[in-house]
Undergrad: 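Handing you this structure, nothing more for now.
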Amino acid sequence: RFAQTVIVAPSAAEQALYDAVLQAIRAAVAAGTGQRLALRSLLEQAGSSAEAVRDAVARARAEHGAALPKLAKLHDIARAAAAEPSTKLAHLLELIRSAGGLAPGSKTLVFTRFRATLDAVSTGLAAAGIEHSTFHGGMSGPEKDQAVARLRDEVSVMVATEVGGEGRNLQFANVLVNYDLPWNPMKIEQRIGRVHRIGQTRDVHVYSLCARGSAEDRIL
């Protein structure tokens with residue numbers, strides 16, 4: 001396997017969103033809200049995509065809007081960032097083209113932790129004219145089987161959430177892109193193990209996208 005990390009400089013809108021998320025988390029910690037798991041999840045979503053933050057904050061507003069008025073401002077910032085071109089998505093498109101992901105016989109697997117990010121990536125691939133399949137936990141068993149079959153037989157790219165890294169043998173793919181990074185390195189190994197396994201006949205290339213200045217950047 002050949003693995004490398006690609007540090008991506010966020011756009012101004014993406015940086016503003018990440019800063020706003022950090023401020024919200026620090027304020028919540030200072031206030032002693034005790035929502036440590038929710039805050040960690042929000043920080044992980046901020047390292048993934050603006051769309052992931054936007055949807056997470058929208059859900060939180062629906063549940064606790066009156067109690068957390070600052071969520072409205074954060075939601076506006078996330079919506080604005082999601083409406084702007086994503087630098088990480090631009091790097092993904094470049095990787096798919098330059099790493100041979102569209103070459104005959106080559107297959108690329110793109111992993112993300114969050115459904116909102118998957119949807120954003122899928123939209124970006126479609127806009128770039130790149131045919132692909134998607135794989136996520138909301139699909140039925142037959143639908144998941146069909147998504148894998150499409151990658152094997154019809155398309156060059158599949159975008160999958162974390163559930164795609166569990167129990168599937170995808171050694172017919174040879175390029176793997178971590179669109180976001182789990183904080184547990186074993187999760188990354190599980191993803192890689194889908195393609196770098198017995199039956200793989202080619203070198204496997206792993207690319208991990210990481211936003212500069214994010215928590216993932218510090219963890220790395």
Undergrad: Who are the salt bridge (charged side-chain N to carboxylate O under 4.0 Å, His left out) partners of Asp145, not counting sequence neighbours?
TA: Arg168
Undergrad: Where do Arg212 and Ala9 come nearest, in terms of heavy atoms and distance?
TA: NH1-CB, 3.8 Å
Undergrad: Are Val175 and Leu89 connected in a single hydrophobic cluster, I mean Ile/Leu/Val/Met/Phe/Trp/Tyr linked by side-chain heavy atoms less than 4.5 Å apart?
TA: yes
Undergrad: Ile7 and Leu209: same hydrophobic cluster, using ILVMFWY side-chain contacts below 4.5 Å?
TA: no
Undergrad: So, Ser156 versus His132: side-chain donor-acceptor pair below 3.5 Å or not?
TA: no
Undergrad: Which value, rounded to the nearest 0.5 Å, describes the distance between Glu51 atom CD and Thr123 atom OG1?
TA: 8.5 Å
Undergrad: Report yes or no: does Gln200 contribute a side-chain atom to a donor-acceptor pair with the main-chain N or O of Gln171 at less than 3.5 Å?
TA: yes
Undergrad: Please name the pair of heavy atoms, one in Ile130 and one in Arg97, separated by the smallest distance, quoted to 0.1 Å.
TA: CD1-NH2, 4.4 Å
Undergrad: Would you say Phe114 ends up clustered with Leu42 if hydrophobic residues are merged whenever their side chains have heavy atoms under 4.5 Å apart, either directly or through other cluster members?
TA: no
Undergrad: Scan for ring pair (Phe, Tyr, Trp, His ring centres under 6.0 Å) pairs involving residues 1-22, sequence neighbours excluded, and state none if there are none.
TA: Phe2-His205
Undergrad: Which pair of non-hydrogen atoms, one from Arg202 and one from Ser106, has the smallest distance, and what is that distance?
TA: NH1-CA, 3.7 Å
Undergrad: Check step by step if salt bridge (Lys or Arg N to Asp or Glu O under 4.0 Å) holds for Lys187 and Asp180.
TA: CA-CA 11 Å; Lys187 291 286 187 181; Asp180 46 41; over 6 Å; no
Undergrad: Return the set of residues passing salt bridge (charged side-chain N to carboxylate O under 4.0 Å, His left out) with Glu189 (not counting sequence neighbours), or none when no residue passes.
TA: Arg1
Undergrad: How many angstroms lie between NZ in Lys107 and CG in Leu176, if you round to the nearest 0.5 Å?
TA: 15.0 Å
Undergrad: For Ala90, check side-chain contact (heavy atoms from CB on, under 4.5 Å) against everything at least two apart and list the hits.
TA: none
Undergrad: For Gly47 versus Lys88, what's the shortest heavy-atom pair and its separation?
TA: O-NZ, 2.8 Å
Undergrad: Which residues pass the side-chain hydrogen bond (donor to acceptor under 3.5 Å, both in side chains) test with Thr117, not counting sequence neighbours?
TA: Ser48, Ser49
Undergrad: Using only atom types and a distance under 3.5 Å, with no angle test, would you say the side chain of Asn178 pairs donor to acceptor with the backbone of Ile188?
TA: no
Undergrad: Which heavy-atom pair separates Gly124 from Leu93 by the least distance, and what is that distance?
TA: O-CD2, 4.4 Å
Undergrad: Okay, side chain of Gln146, backbone of Glu143: is any donor-acceptor separation there less than 3.5 Å?
TA: no
Undergrad: Considering residues at least two apart in sequence or located in another chain, which fulfil the side-chain contact (heavy atoms from CB on, under 4.5 Å) criterion with Ala24?
TA: Leu74
Undergrad: When you compare the side chains of Glu14 and Ser86, does any donor N or O come within less than 3.5 Å of an acceptor on the partner?
TA: yes
Undergrad: Please determine whether residues Leu125 and Met139 belong to a single hydrophobic cluster, defined as Ile, Leu, Val, Met, Phe, Trp and Tyr linked transitively by side-chain heavy-atom distances below 4.5 Å.
TA: no
Undergrad: Restricting to non-hydrogen atoms, name the atom on Tyr179 and the atom on Val110 that form the minimum distance, rounded to 0.1 Å.
TA: CB-CG1, 4.1 Å
Undergrad: Go through the structure and list residues passing side-chain contact (heavy atoms from CB on, under 4.5 Å) with Ala81, not counting sequence neighbours.
TA: Ala13, Leu17, Ala50
Undergrad: Using the rule that Ile, Leu, Val, Met, Phe, Trp and Tyr join whenever any side-chain heavy atoms are under 4.5 Å apart, tell me whether Leu109 and Leu181 fall into a single cluster.
TA: yes
Undergrad: Could you walk me through whether Cys210 and Leu220 pass the side-chain contact (heavy atoms from CB on, under 4.5 Å) check?
TA: CA-CA 9 Å; Cys210 178; Leu220 284 172; 3.8 Å; yes
Undergrad: Between the main-chain N or O of Ser214 and the side-chain N or O of Arg218, is there a donor-acceptor pair closer than 3.5 Å?
TA: no
Undergrad: Sequence neighbours left out, what passes side-chain hydrogen bond (donor to acceptor under 3.5 Å, both in side chains) with Thr201? Give chain and number order.
TA: none
Undergrad: Is it the case that Gln15 and Asp19 place a side-chain donor and acceptor less than 3.5 Å from each other?
TA: yes
Undergrad: How would you list, by chain and number, every residue that makes a side-chain contact (heavy atoms from CB on, under 4.5 Å) with Ser133, sequence neighbours excluded?
TA: Ala147, Arg150, Leu151, Val155, Met158
Undergrad: Please tell me if the side chains of Trp183 and Arg40 come closer than 4.5 Å, counting only heavy atoms from C-beta onward.
TA: yes
Undergrad: The criterion is salt bridge (charged side-chain N to carboxylate O under 4.0 Å, His left out); which residues satisfy it with Arg113, sequence neighbours excluded?
TA: Glu44, Glu162
Undergrad: Of all residues at least two apart in sequence or in a different chain, which pass the side-chain hydrogen bond (donor to acceptor under 3.5 Å, both in side chains) check with Arg115?
TA: Asp119, His136
Undergrad: Roughly how far, to the nearest 0.5 Å, is the CG atom of Leu43 from the CG atom of Leu22?
TA: 6.0 Å
Undergrad: Between Arg26 (side chain) and Val21 (backbone), is there a donor-acceptor pair under 3.5 Å?
TA: no
Undergrad: Once side-chain hydrogen bond (donor to acceptor under 3.5 Å, both in side chains) is applied, do any residues pair with Asn169, and if so which ones, sequence neighbours excluded?
TA: Arg197
Undergrad: Should Tyr207 and Ile96 count as side-chain neighbours, where that means a heavy-atom distance under 4.5 Å?
TA: no
